Each structure stands twice: as C-alpha cells, then as structure tokens.
Amino acid sequence: SRLFEQDIRGSIAHAKMLGKCGIIPQADSEKIVKGLQELLSDYRQGLVTFDPSAEDVHMNVEKLLSAKIGEPAGRLHTARSRNDQVATDIRLWMKDEIDAITRLMTEFQQVLVDTASEHLDTLMPGYTHLQHAQPVLLAHHLLAYFWMIERDKGRFMDCKRRADVLPLGSGALAGTGFPIDREFVAQELGFARISENSLDAVSDRDFISEFLAAAAISMTHLSRFAEELVLWSSPEFGFVELDDSVTTGSSIMPQKKNPDAAELTRGKTGRVFGGLMTILTVQKGLPLSYNRDLQEDKEPLFDAADTLRGALSVFIPMIATAQFKPDRMRRSLHGDFSTATDLADYLVRTGMPFRKAHEVVGKLVAECIASSRGLEDLTLDDLKSIAPELTEDALMLLQPENSAASRSIPGGTARSAVEKQLQAAKSLLSVS
C-alpha cells in the first residue's frame, strides 16, 4: 500500500506512452489514465480497500481499475513487467522520501544554528575519551552536529542522483519488443535518465543499499548527540535540562526525569543498522536478474525511513526547547587542568621543544593535584618555579576564557572563529 501512489503515477505515464506510440488505442489510453486518476483520488480519501489475494500493489491497482473502467484496464500491462514496474515504484518513492528527510535535516540544522547563536559566550569542557581536554564554546560543540548533518544531506542527495533513473521499459529482464518511448515516460515521471541495461535495471537495489547506508550514518550522528544529551542531563553533568515533552517520569520515583526521546533515538539506531545488513545480505548471492528475494527490500527500507524521520522529528523540538546551563558548564572547568596545553604551547613559543614543555607542564599538573589546586589557582611565582621565562601572559592563558579565545584559526573554538562558522552555516541554509 505504501507504493500505491507511485504505482498509479507510473501507470499513468505508461498508459499515456502506450497511447502516444499507438501500441494501444488512444481512447483506451485516455480511459485508463482517467480511471487511474480517479483511483488515486479514491485512495487519498480513504476509499480504497486492498485485496491480499491480488498478491501485490500492481495487481491490486489493475483489479481496482478493471472494476472502474472494465476491459481497457487489461491493456495497461502491455510492454511492461512487474519487475520493471516495482523497480520504478521504489525509485519514485525514494526520491520523494529523500526530499522529505532532507527537509527535516535542514529544519534541524536551523535549530542548531539558532541555539548556537545564543551560546557564543558559553564555555564548556571539550572532551576526548570522555575526559576533560580543552575549553570550547557550546556553540562550537553544537555546530559540530550541523556539519555532520550537512554531510548526511549530501549522502542522501548523492543517493537520489543515482536513484533518479527510470527502469520502466526493461520488461521482465530483456526489454520489450513493443516500440515504446522510454524517454517520454522518464520525462512524465521526472526521471533524469533511463537505465542502460535491462538486466541490471530490474535486479539493481544498489540505491536501496545506499539509502540505508546514508540512513545508518545519519542515525549514528543522532545517536552520538543523544548519548551526550543523556549524559549532560544527569546530575553528574547538569549541563542541560530537557523539556517535559521529550522526557518521562518514573513509575515509582517521583524525582526522576528520564531522557526518553534521546534514549529511544540511541536504541532505534540499531534497527537501521539491521536494515542495511538485511538488504546487503539479500543481494549478496543473487544471480541475474530478478529473484523473489528482492521482495525483502521493502520492510528494511520503509522501517529505516520511518525511524530516521521519527528521530529527526523528535530532535528538532528536543534541542529547540533544551535549557542549557552556562554557569554549570563554566564551573565544571574549574580545576580540570584543561588549559595545560596552552601553557605547554606558551613554553614552545619561548623556544622550548614541545616534548620538554609537555614534560614540564605534566609535572606542574602533578604538583597541583598533590596540593589540591587547579592551574587557574597558580601564581606567577608558581609558574616561574618551573620555568623562569614565564610571564604574566602565561598566567592569563590558564583562564578558560583566554584559552578558548586564543584558538581563532578557521575552524577553531574562539568566538571570532565560531561567528564565521555560523555565518557559513547560515549561508548554506539560505540556499537549501
């Protein structure tokens, strides 16, 4: 049923072509087209009942059409097979679905840009290995996901380009002896080109594998973000409070606020991975050309599309309503030694080899830990005790704000660099 509209669209184009080429009487072509258009209207009004005994969507359409217009319906299947028909339907469906998914991705990117714009002065720990590494701006962190989603959109658009090929006319596997006009059908259905090889056209599901791979990568990105939101919303982090609309309470613990939407996104990622593995496994042992195994392509495809769309639909309001906690993020930088690299870099600029500077600062950190101090608690005399050449400038670098501000190269976390990054992101959105 999910391919009903696409099957109707493909059949209308095919019927028009059959009449245009004189393969069936023009009057029958027009009756078929009119009947199909009425069927589509019926379907959209919820008036169509599918008959499982009719085997598939194609035979259901033909049966319903026959009941509506009689004998001319029997001419519709001239010069085509269900093999090239279903391949056409899926490609039509996929092109529409990719457009819907990328629209959601663009909406999500806009939310990320809007939220990042509000946090150009919010400092937080940047992590590697889930350990405090260096101070970064929350805006910088959020925009990392903007660029992941931008690559995801690119993968889907690449997939759409390769899916934008008309298989109809390939017949069951060898083409057709009727003088059909494939270019006319391609133009009617909005395909960029026609397939080059009939055997390949009816058995190719590369585009589904590619769609599922793109979906799996996209879900991976959302799952990573979801994991951070789960962590950040815990009392140990306290970096964010998620809205009640995307959280739930506990059945017995009244204090709980569980990040369910994030957790479900993280969990449902596995479904999409499974879908990708399913379609690859289905295809791996199939001789040319069509085999019934390919009927197993639709469940993982539809499920992955539904899952990804659902996750994006949840993430948009989840980030839009999230209350990030700048004060808590800033406090977490105190005593975490995340400016140690800045001090090592300063020593390098005085002429000390980096490995030596790394060792010197490492010893200083060890002394701070032993005396329960952070780097930001040190005095200039403390610094001079390990490297007499250090000055007041070095002391200033130990403050997280100055550490972040010093990273002003393109792509860095300084406010000036992040503002340029934001502008680049907004420019991309303006042409999406």
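On a predicted model such as this, the values are computed, not experimentally measured, just so you know.
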Residues which pass side chain to side chain contact (heavy atoms under 4.5 Å, CB included) with K257, listed by chain and number, not counting sequence neighbours: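 Listed in chain order: E241, D244, T247.
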Keeping [X] on the side-chain end and [Y] on the backbone end, is there a donor-acceptor pair under 3.5 Å?
| X | Y | answer |
| --- | --- | --- |
| N83 | A172 | yes |
| D56 | M59 | yes |
| S29 | P25 | no |

Within residues 17-27 or reaching into it, pairs that qualify as salt bridge (Lys or Arg N to Asp or Glu O under 4.0 Å) - sequence neighbours excluded: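 Passing the test, one end in residues 17-27: K20-D181.
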By the salt bridge (Lys or Arg N to Asp or Glu O under 4.0 Å) test, which pairs, at least two apart or in different chains, include something from residues 131-149?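 Of all non-adjacent pairs touching residues 131-149, none passes salt bridge (Lys or Arg N to Asp or Glu O under 4.0 Å).
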A cation-pi test, strictly: NZ or CZ of R91 under 6.0 Å from the centre of the six-membered ring of F191 and no more than 45 degrees from its axis. Yes or no?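 Pair R91/F191 does not count as cation-pi.
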Using the six-membered ring of F302, assess whether NZ or CZ of R2 lies under 6.0 Å from its centre and within 45 degrees of the ring axis.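 Yes, a cation-pi geometry holds between R2 and F302.
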Should E263 and N258 be marked as a side chain to side chain donor-acceptor pair (under 3.5 Å) after you check the CA-CA gap, both sets of side-chain angles, and the distance that decides it? CA-CA 9 Å; E263 291 178 340; N258 301 324; over 6 Å; no
[X] with [Y]: basic N within carboxylate O range, under 4.0 Å:
| X | Y | answer |
| --- | --- | --- |
| E97 | R309 | yes |
| R330 | D327 | no |
| D96 | R9 | yes |

Shortest non-hydrogen contact from M105 to S218?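 Closest pair (atom of M105, atom of S218, distance): CE-OG, 3.3 Å.
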Which heavy atom in A357 sits nearest to a heavy atom in A344, and how many Å separate them?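 Closest approach of A357 to A344, heavy atoms only: CB-O, 3.5 Å.
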Can you check salt bridge (charged side-chain N to carboxylate O under 4.0 Å, His left out) on R224 and E228, steps first, answer last? CA-CA 6 Å; R224 293 182 73 180; E228 290 186 329; over 6 Å; no
Testing K34, K68, R44 one by one against L39 for a side chain to side chain contact (heavy atoms under 4.5 Å, CB included), which residue passes?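 It is K68; the other options fail the test.
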For H221, what residues pass the ring-ring contact (aromatic ring centres under 6.0 Å, His included) criterion, not counting sequence neighbours?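 H221 satisfies ring-ring contact (aromatic ring centres under 6.0 Å, His included) with no other residue.
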Only counting residues at least two apart or in another chain, list the ones meeting ring-ring contact (aromatic ring centres under 6.0 Å, His included) with Y346.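 Y346 satisfies ring-ring contact (aromatic ring centres under 6.0 Å, His included) with no other residue.
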Quick one: do R80 and S11 satisfy side chain to side chain donor-acceptor pair (under 3.5 Å)? Show the steps, please. CA-CA 10 Å; R80 74 177 183 184; S11 292; 3.1 Å; yes
Could you pull out every donor-acceptor pair under 3.5 Å between side chains of residues 126-140 and any protein atom, sequence neighbours left out?
{"unit_1": "H132", "atom_1": "ND1", "unit_2": "D336", "atom_2": "OD2", "d": "2.7"}
{"unit_1": "H140", "atom_1": "ND1", "unit_2": "Q421", "atom_2": "NE2", "d": "3.2"}

So D293 and K284, salt bridge (charged side-chain N to carboxylate O under 4.0 Å, His left out) or not? Walk me through it. CA-CA 11 Å; D293 311 51; K284 74 173 182 61; over 6 Å; no
